[in-house]
Amino acid sequence: MKTCRTIADCRAAVAEFRRAGESVGLVPTMGFLHEGHMALVAAAKSAADRVVVTIFVNPTQFGEAADLDAYPRDEARDLAMLKAAGVDLVLIPSVEEVYPEGDETIVETTRMANMLHGLVRPGHFRGVTTVVARLFNFVQPDIACFGEKDYQQLQVIKRMTRDLAFPIEIRGVPTVREPDGLAMSSRNVRLSAEDRKAGLVLSSALDAAEQAARQGTTIEALHSLISDTIHAEPRATLRGLDIVGAEDLSDLSGPLTTPAAIMLSAEFGGILLIDQRVVTP
Ligand code: PAF
């Protein structure tokens with residue numbers, strides 16, 4: 001596994017893959033890898049001849065400087081995990097390499113970035129699309145993998161890729177779950193045993209919604225079903241429930257006739273957990 005820190009070195013390594021006629025899959029990350037990232041790597045490996053992973057804690061997607069400073073980092077551990085997973089190339093650029101001095105170009109999906117989670121984290125998705133567009137341009141992969149767990153991010157990146165005609169296939173990779181159904185997250189270890197158990201209400205509310213959707217229902221009934229299920233769990237505080245068009249995140253109401261994405265978040269003992277599901281009628 002080769003590690004590069006500059007765009008030039010990365011491009012030279014990717015050019016070698018290209019000369020050998022090999023396809024390239026990209027997994028952009030901010031490091032501090034867990035099983036969710038490794039599922040993205042596995043998806044990229046099965047879709048392309050070579051896998052490139054980027055590790056870059058992107059300052060432009062953080063609201064508060066304190067959050068950026070507190071972001072966990074462990075490069076040595078990340079590199080060991082990527083090597084064991086058979087990754088071919090890792091790009092770890094500096095902030096100056098990604099955002100050169102005098103930098104003034106941003107990329108933004110103007111509608112999709114400024115709704116839902118974008119309303120509570122202003123500028124977040126603009127930072128994501130700006131960095132992902134740059135990473136796409138550095139590596140020029142054939143496919144790129146992103147987790148479905150960050151559902152809005154995945155749709156924003158798909159829209160940017162389409163609008164800017166990047167010749168890259170965006171693959172959404174299903175959320176990795178604990179055996180009992182809890183979506184994997186680095187936050188799960190901070191839950192008390194009782195809250196960890198109560199957290200399962202997220203996946204059971206989504207299971208119930210999926211079943212109701214298959215039998216025929218309305219958006220309003222799905223809202224009530226999910227919020228009633230969450231409210232019935234005394235340890236859970238519902239923080240967010242959005243049911244929107246699966247591809248364009250548009251508002252939905254009335255009978256469910258097209259695929260809908262349910263984005264759900266709730267707090268358990270002060271720890272925010274998120275989950276999502278696409279349901280089809
Ligand atoms: O999902 C993430 O880890 C980040 O938002 C991404 C896509 C690597 C961009 O910095």
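Order of appearance sets the numbers: ligands from 1, and atoms from 1 within every ligand. These numbers come from the heavy atoms of this one structure, side chains and all, not from hydrogens, waters or symmetry mates.
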J.: Is there any N or O on Q153 that sits under 3.5 Å from an N or O of ligand 1?
T.: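 Yes; the residue has a nitrogen or oxygen that sits under 3.5 Å from a nitrogen or oxygen of the ligand.
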J.: So which of K45, K2, R50 actually passes side-chain hydrogen bond (donor to acceptor under 3.5 Å, both in side chains) with D88?
T.: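 It is R50, the one option of K45, K2, R50 that forms the side-chain hydrogen bond (donor to acceptor under 3.5 Å, both in side chains) with D88.
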J.: Any donor-acceptor pair under 3.5 Å linking the side-chain atoms of D275 with those of Y151?
T.: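 D275 and Y151 do not have a side-chain donor-acceptor pair below 3.5 Å.
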J.: I'd like to know if the side chain of D207 pairs up with that of S204 as donor and acceptor (distance under 3.5 Å, no hydrogens or angles considered).
T.: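 Their side chains do not contain a donor-acceptor pair, so the 3.5 Å distance test is not met.
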J.: When you look for heavy atoms under 4.0 Å from ligand 1, do you find them on the side chain of T54, its backbone, both, or neither?
T.: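 For T54, no heavy atom sits under 4.0 Å from ligand 1.
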J.: Hey, are Q276 and D150 close enough side-chain-wise for a donor-acceptor pair under 3.5 Å?
T.: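 Judged by distance alone, the side chains do not pair up.
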J.: Within ligand 1, which atoms have a heavy atom of P28 less than 4.0 Å away?
T.: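 Here the atoms of ligand 1 in question are 8 (C).
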J.: Which atoms of ligand 1 have any heavy atom of Q61 under 4.0 Å away?
T.: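 Once the distances to Q61 are compared, the set is 4 (C), 5 (O), 9 (C), 10 (O).
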J.: Does R187 count as lying over the ring of F268, i.e. NZ or CZ under 6.0 Å from the six-ring centre, within 45 degrees of the axis?
T.: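 The answer is no, since R187 fails at least one limit relative to F268.
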J.: Out of all atoms in ligand 1, which are within 4.0 Å of some heavy atom of T29? Include the element for each.
T.: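 Taking each heavy atom of T29 in turn, ligand 1 has 8 (C) under 4.0 Å.
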J.: In the protein, which heavy atom is nearest to atom 3 (O) of ligand 1, and how far is it?
T.: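 Going by distance alone, atom 3 (O) of ligand 1 is nearest to M30 CG, 3.8 Å.
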J.: Are S23 and D142 close enough that a side-chain donor and a side-chain acceptor fall under 3.5 Å?
T.: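 Side chains of S23 and D142: no pair found under 3.5 Å.
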J.: Please could you name the atoms of ligand 1 that V131 approaches to less than 4.0 Å, counting only its heavy atoms?
T.: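 So the answer, numbered in order with elements, is 9 (C), 10 (O).
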